[in-house]
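None of these values were measured; they are calculated from a predicted model.
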Amino acid sequence: MPKHGKKYQEAATKVDRSKLYSPKEAMTLAKELSVAKFDETVEVAVRLGVDTRKADQNVRGSISLPNGTGKSVRVAVFAEGEKAREAEAAGADVIGSDDLVAQVQAGELNFDAAIATPNMMGKVGRLGKILGPRGLMPNPKLGTVTMDVAKMVGELKAGRVEYRADRYGICHVPMGKVSFDVEKLVENYGALLTELIRVKPSSAKGKYVKSVVISTTMGPGIKVDTTKTRNFMED
């Protein structure tokens, strides 16, 4: 395991490992402990009591965070004709059909999210081995296979994020930047946790939200009280 730097170790000493912080306390502390020279991302890791080997316990979806993520998102749209013009008007960064498919096959992936109209999926499907591992494959369940390309471009640009439980049942989701106000970070956190609880699989047994840890790009993890499922701004 790589050793953490001096600044990280100093920050870690300020986190009480035995304490479960309220979301507001955790976000406040995360901001205070940020020492990087860039605007760090604040991330939340939620460990769920699900067995993702079972198809009916795969927790996956997307949500528009009320305050966005603070990240500039480059959006690609696989579309033709009128839908391509709609995507351009909505602010999509990369738009194309066969030409865009060829670009991706050549290794040119200069985008952070992808949308496709349903009629394009026959062509886009061939890119599964390239886009899939990078989390860029358009998916109807996530709303990124759609005829309403303008709406989805707008949502992705505004801060729509995907959540997906990995094989350990953990969802890693960005909550914004250290430069965000605590209130905005907590609002984003509340929106995510509410959404995860909403999509709880009916077959999941035992405790569902097992643990929550908030951290910044370069900072230590801060454990959050999982019983706080409403009134998130309370101490």
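- With salt bridges taken as basic N to acidic carboxylate O contacts below 4.0 Å, none links Arg74 and Asp112.
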Requested in this report: Given salt bridge (charged side-chain N to carboxylate O under 4.0 Å, His left out), test Asp51 with Arg53 step by step and report yes or no.
Outcome: CA-CA 5 Å; Asp51 184 352; Arg53 293 172 299 179; 3.0 Å; yes
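- With sequence neighbours left out, Glu187 forms a salt bridge (charged side-chain N to carboxylate O under 4.0 Å, His left out) with no residue at all.
- Applying the ring-ring contact (aromatic ring centres under 6.0 Å, His included) test to pairs two or more places apart or on separate chains, those with a residue in residues 209-235 are Tyr189-Phe232.
- Its side chain within the 4.5 Å cluster rule, Val15 clusters with Tyr21, Leu29, Leu33, Ile222 among the Ile, Leu, Val, Met, Phe, Trp and Tyr residues.
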Review point. Which is it for Asn119 and Thr117 under the side chain to side chain donor-acceptor pair (under 3.5 Å) test, yes or no, and what are the steps along the way?
Key: CA-CA 6 Å; Asn119 63 305; Thr117 53; 2.7 Å; yes
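- Remark: side-chain polar atoms of Thr216 are paired, donor with acceptor, to backbone N or O of Gly219 under 3.5 angstrom.
- Hydrophobic cluster membership differs between Met147 and Met152, with clusters built from Ile, Leu, Val, Met, Phe, Trp and Tyr side chains linked at under 4.5 angstrom.
- Taking the side chain to side chain donor-acceptor pair (under 3.5 Å) definition, one finds that Ser64 meets it with Arg160, sequence neighbours left out.
- Under the 3.5 Å distance criterion, with hydrogens and angles disregarded, a donor-acceptor pair is assigned to the side chains of Ser203 and Asp56.
- Of the possible donor and acceptor atoms, one in the side chain of Ser62 sits under 3.5 Å from a partner among the backbone N and O of Leu142.
- Every side chain to side chain contact (heavy atoms under 4.5 Å, CB included) that Asp98 has, sequence neighbours left out, goes to Lys123.
- Judged by distance alone, the side chain of Asp93 and the main-chain N or O of Val75 form a donor-acceptor pair under 3.5 Å.
- Not counting sequence neighbours, the partners of Val209 by the side chain to side chain contact (heavy atoms under 4.5 Å, CB included) test are Val46, Leu48, Leu193, Ile197, Val212, Thr226.
- Here Ala102 pairs with nothing under the side chain to side chain contact (heavy atoms under 4.5 Å, CB included) rule; sequence neighbours left out.
- For CD of Glu88, the number of neighbouring non-hydrogen atoms (other residues, nucleotides, ligands) closer than 6.0 Å is 12 at most.
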Under 3.5 Å, side-chain donor or acceptor atoms of residues 161-172 against the rest of the protein: list the pairs with distances, not counting sequence neighbours.
| unit_1 | atom_1 | unit_2 | atom_2 | d |
| --- | --- | --- | --- | --- |
| Glu162 | OE2 | Arg60 | NE | 2.9 |
| Glu162 | OE2 | Arg60 | NH2 | 3.0 |
| Tyr163 | OH | Glu195 | OE2 | 2.7 |
| Asp166 | OD1 | Tyr168 | N | 2.8 |
| Asp166 | OD1 | Gly169 | N | 3.1 |
| Asp166 | OD1 | Ile170 | N | 2.9 |

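- For Lys83, the salt bridge (charged side-chain N to carboxylate O under 4.0 Å, His left out) partners two or more places apart in sequence, or in a different chain, are Glu86.
- Judged purely by atom type and a 3.5 angstrom limit, Asn188 has no side-chain atom pairing as donor or acceptor with the backbone of Gly176.
- Judged purely by distance below 3.5 Å, without hydrogens or angles, the side chains of Glu40 and Ser34 pair a donor atom with an acceptor atom.
- Other residues, nucleotides and ligands contribute at most 12 non-hydrogen atoms within 6.0 Å of the NZ atom of Lys223.
- Between the side chains of Thr227 and Asp225, a donor-acceptor pair is found at a separation under 3.5 Å.
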Throw together a table of side-chain donor-acceptor distances under 3.5 angstrom for residues 177-186, partners on residues two or more places apart or in other chains.
| unit_1 | atom_1 | unit_2 | atom_2 | d |
| --- | --- | --- | --- | --- |
| Lys177 | NZ | Thr41 | OG1 | 3.0 |
| Ser179 | OG | Asp39 | OD1 | 3.4 |
| Ser179 | OG | Asp39 | OD2 | 2.6 |

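- Environment of CZ in Arg230: sparse, with no more than 12 heavy atoms of neighbouring residues, nucleotides or ligands closer than 6.0 Å.
- Under the side chain to side chain contact (heavy atoms under 4.5 Å, CB included) criterion, Asp99 pairs with Ser97, sequence neighbours left out.
- Leu100 belongs to a hydrophobic cluster with Phe78, Val94, Val101, Val104, Leu109, Phe111, Met120, Met121, Val124, Leu127, Ile130, Leu131, Leu136, Met137, Val145, counting contacts under 4.5 Å between side-chain heavy atoms of Ile, Leu, Val, Met, Phe, Trp and Tyr, direct or through other members.
- Side-chain contact between Glu234 and Lys228 is present, with at least one heavy-atom pair separated by less than 4.5 Å.
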